[in-house]
Amino acid sequence: MLNRFPLLILPGALLVQCAPAVSAGKVSVAVVQKEAEPVIRNRQELNAAVAAWVDKAYNPINFRLTGTLRSNWKEISGESLWGEYARRCTARYIEETGQVSLALEYRDYVRLCAALRHPAFRESLTSAEERALRELQTRTQRIVYPGMSAFDKVVAVHDYLVQITRYDAEAGGDISDLLEKGRGSCEAYSSAMCVMLEIAGVPARVVTGTARGPHAWNMVQLDTGWRHVDVTWDDPVIGDGSKQVLAHTYCGCTDTEMSATHRWNRAAYPACTGAAQHYYRQKGLYFTSVSAYWNAAMRVWRRGEKHFEAYLTTYGSAAQFQKSLQQIVRTDSPRNLSWTGPETPAGPVMMSFGTD
């Protein structure tokens with residue numbers, strides 16, 4: 001008689017900052033894996049197999065470990081393997097054969113992306129999932145146009161989600177809740193971003209890690225390589241909680257930039273490298289002097305706009321920036337001027353132009 005290890009229920013990382021525990025009754029319809037059970041000999045083979053399984057949202061996932069991998073089966077079949085894609089997992093292991101079976105409760109974006117790639121899988125979506133997918137397709141088609149670069153598509157989806165959604169730490173992580181209520185957790189933001197970019201033809205992933213607590217954001221693949229995008233952190237609430245500000249501080253960041261505030265398992269994701277401050281450089285909003293920043297801000301103000309956002313390498317501090325402005329501002333400059341600067345000597349500076 002085979003010696004079976006006890007059944008393990010492996011809960012996914014609870015994104016406390018952004019998503020409460022999943023309530024009962026939300027387990028989605030599964031498509032059974034039909035391919036032959038693969039034999040996994042090393043981590044590279046496992047990673048490749050997982051990518052293929054997730055692409056089609058296979059469930060359950062069955063494979064056989066061999067060699068030294070068998071002694072580490074709990075680690076290998078643990079959250080580091082499936083946490084990006086599923087909220088929780090039920091695992092079974094047979095010691096004599098090295099067989100592993102994982103029954104996953106996939107995050108909704110995995111199932112919706114699989115439905116977009118594989119028409120046959122779409123037939124397995126629940127009615128709620130199908131409604132959410134159709135809504136995301138309609139909304140994406142409104143903001144993404146032929147001829148747009150991958151970068152422009154990412155910015156369009158980023159800005160759209162910031163403008164139509166408010167962050168709510170108590171809200172769920174489901175895309176359907178975000179679409180219906182206009183509020184969502186970081187999981188909902190990043191999941192919606194992932195599906196909309198799939199519709200737009202831009203490869204994207206959801207990153208699970210920490211940033212002042214458990215958190216989720218995205219990686220997107222641009223012409224210059226992979227970059228981080230955190231829509232949640234670019235959707236801040238200012239002052240009394242009634243004012244929303246569109247920011248791009250975390251739109252197109254490198255690993256180095258992102259690691260100042262975020263932590264994630266780098267081995268599980270592609271490296272994000274290249275020139276710093278991708279968004280601001282691409283948009284011509286990267287300045288090395290206060291005077292250059294100010295001149296650009298005044299051009300925006302004269303066009304009748306109320307806000308200006310750009311990256312300033314010589315911000316210094318709030319006191320230093322204010323002193324520099326006092327030497328530049330003229331009598332014909334806007335009144336009730338205010339700004340929000342970084343906590344570091346260099347960074348994005350968002351300026352608002354008040355009225356009399």
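Keep in mind that the numbers below use all heavy atoms, side chains included, and drop hydrogens, waters and symmetry copies.
Remark: the D234 side chain and the H248 side chain contain no N/O donor-acceptor pair separated by less than 3.5 Å. A donor-acceptor pair shorter than 3.5 Å cannot be found between the side chains of T256 and T254. Side chains of S101 and N62: a donor on one and an acceptor on the other come within 3.5 Å. In this structure, a donor-acceptor pair under 3.5 Å is present between the side chains of W217 and H228. Y106 and N59 share no donor-acceptor pair across their side chains, judged by distance under 3.5 Å alone. Residues S352 and H307 bring a donor and an acceptor atom of their side chains to less than 3.5 Å of each other.
Summarising the geometry of M350 relative to A247, their closest heavy-atom pair is SD-CB, 3.7 Å, with the distance given to 0.1 Å. Between L125 and A115, the shortest heavy-atom distance links the atoms CD1-CB, 3.7 Å. The minimum heavy-atom distance linking P203 with W226 is given by the pair O-CZ3, 4.1 Å. Taking all atoms of both residues into account, the shortest heavy-atom contact from V110 to A57 is CG1-CB, 4.3 Å. Closest approach of D230 to H215, counting heavy atoms only: OD2-NE2, 2.8 Å. The nearest pair of heavy atoms linking L65 to L69 is CD1-O, 3.9 Å.
Distance check, rounded to the nearest 0.5 Å: CG of L179 to CZ of R134 gives 14.5 Å. Rounded to the nearest 0.5 Å, atoms CG (D108) and SG (C194) are 10.5 Å apart. The distance from atom CG of L161 to atom CG of L178, rounded to the nearest 0.5 Å, is 7.0 Å. The distance from the OG atom of S289 to the CG atom of L312 is 7.5 Å, given to the nearest 0.5 Å. To the nearest 0.5 Å, atom CD of residue E180 and atom OG of residue S176 are 5.5 Å apart. Rounded to the nearest 0.5 Å, atoms OG (S259) and CZ (R266) are 5.0 Å apart.
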### Message
Set out, in order, the CA-CA distance, both residues' side-chain angles and the distance that settles side chain to side chain contact (heavy atoms under 4.5 Å, CB included) for Y286 and T313, then state yes or no.
### Response
CA-CA 8 Å; Y286 187 88; T313 64; 3.5 Å; yes
### Message
Would E198 and Y109 count as a side-chain hydrogen bond (donor to acceptor under 3.5 Å, both in side chains) here? Give the steps.
### Response
CA-CA 10 Å; E198 178 73 27; Y109 83 90; over 6 Å; no
### Task
Would you check, one step at a time, whether the test side chain to side chain contact (heavy atoms under 4.5 Å, CB included) holds for L246 with D159?
CA-CA 7 Å; L246 173 61; D159 291 1; 3.7 Å; yes
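No side-chain donor-acceptor contact under 3.5 Å links Q282 to the backbone of Y279. Between the side chain of D255 and the backbone N or O of C272, at least one donor-acceptor pair lies under 3.5 Å. Using modelled atom types, one side-chain atom of E257 and one backbone atom of Q277 make a donor-acceptor pair closer than 3.5 Å. The backbone N or O of A276 sits less than 3.5 Å from a side-chain atom of R281, completing a donor-acceptor pair. A side-chain donor-acceptor contact under 3.5 Å links R70 to the backbone of E96. Checked by atom type and distance alone, the side chain of R227 pairs as donor or acceptor with a backbone atom of T273 at under 3.5 Å. At least one donor-acceptor pair under 3.5 Å links the side chain of T314 to the backbone N or O of T288. Although no hydrogens or angles enter the test, the distance criterion places no donor-acceptor pair under 3.5 Å between the side chain of D152 and the main chain of M148.
Here R142 pairs with nothing under the side chain to side chain donor-acceptor pair (under 3.5 Å) rule; sequence neighbours left out.
Evaluated for a side-chain contact (heavy atoms from CB on, under 4.5 Å) with Y160, the options I143, V155, V144, T140 yield exactly one hit, I143. No option in R107, K181, R87 other than R87 meets the salt bridge (Lys or Arg N to Asp or Glu O under 4.0 Å) test with D174. Between F308 and the options W301, W294, Y293, F353, a ring-ring contact (aromatic ring centres under 6.0 Å, His included) holds for only Y293.
Residues F321 and I328 fall within the same hydrophobic cluster, defined by Ile, Leu, Val, Met, Phe, Trp and Tyr side chains chained together at heavy-atom separations under 4.5 Å. In this structure, L81 is not a member of the same hydrophobic cluster as V39, with clusters built from ILVMFWY side-chain heavy atoms closer than 4.5 Å. One hydrophobic cluster holds both I199 and Y145 under the rule that ILVMFWY side chains link at heavy-atom gaps under 4.5 Å. Both L112 and I164 are part of a single hydrophobic cluster, where members link through side-chain heavy atoms under 4.5 Å apart.
Side-chain contact between T208 and E187 is absent, with no heavy atoms from C-beta onward closer than 4.5 Å. You'll find the side chain of Y189 reaches within 4.5 Å of the side chain of T165, heavy atoms only. Between S124 and R111 the shortest side-chain heavy-atom distance falls below 4.5 Å. A 4.5 Å side-chain heavy-atom check between L325 and Q322 finds every atom pair outside the cut-off. Taking 4.5 Å as the limit, some side-chain heavy atom of W53 sits within range of a side-chain heavy atom of P38. For the pair T249/Y311, no side-chain contact is recorded, criterion being any heavy-atom separation below 4.5 Å from C-beta on. Here the side chains of T97 and R64 are in contact, with some heavy-atom distance below 4.5 Å. A 4.5 Å side-chain heavy-atom check between S77 and L102 finds at least one atom pair inside the cut-off.
Shown here is E343, whose CD atom has no more than 12 heavy atoms of other residues, nucleotides or ligands within 6.0 Å.
Between R139 and E135 a salt bridge is recorded (basic side-chain N to carboxylate O distance below 4.0 Å). A salt bridge links R122 to E130: at least one charged side-chain nitrogen sits closer than 4.0 Å to a carboxylate oxygen. Checked for salt-bridge contact, E95 and K74 miss the test: no charged N lies under 4.0 Å from a carboxylate O. Contact check on R166 versus D235 returns no salt bridge, with no Lys/Arg side-chain nitrogen under 4.0 Å from an Asp/Glu carboxylate oxygen.
Note on ring orientation: taking the six-membered ring where Trp is involved, the planes of Y93 and W73 are parallel (angle under 30°, cut-offs 30° and 60°).
Taking the six-membered ring for Trp and the full ring otherwise, F151 and H278 have centroids separated by under 6.0 Å.
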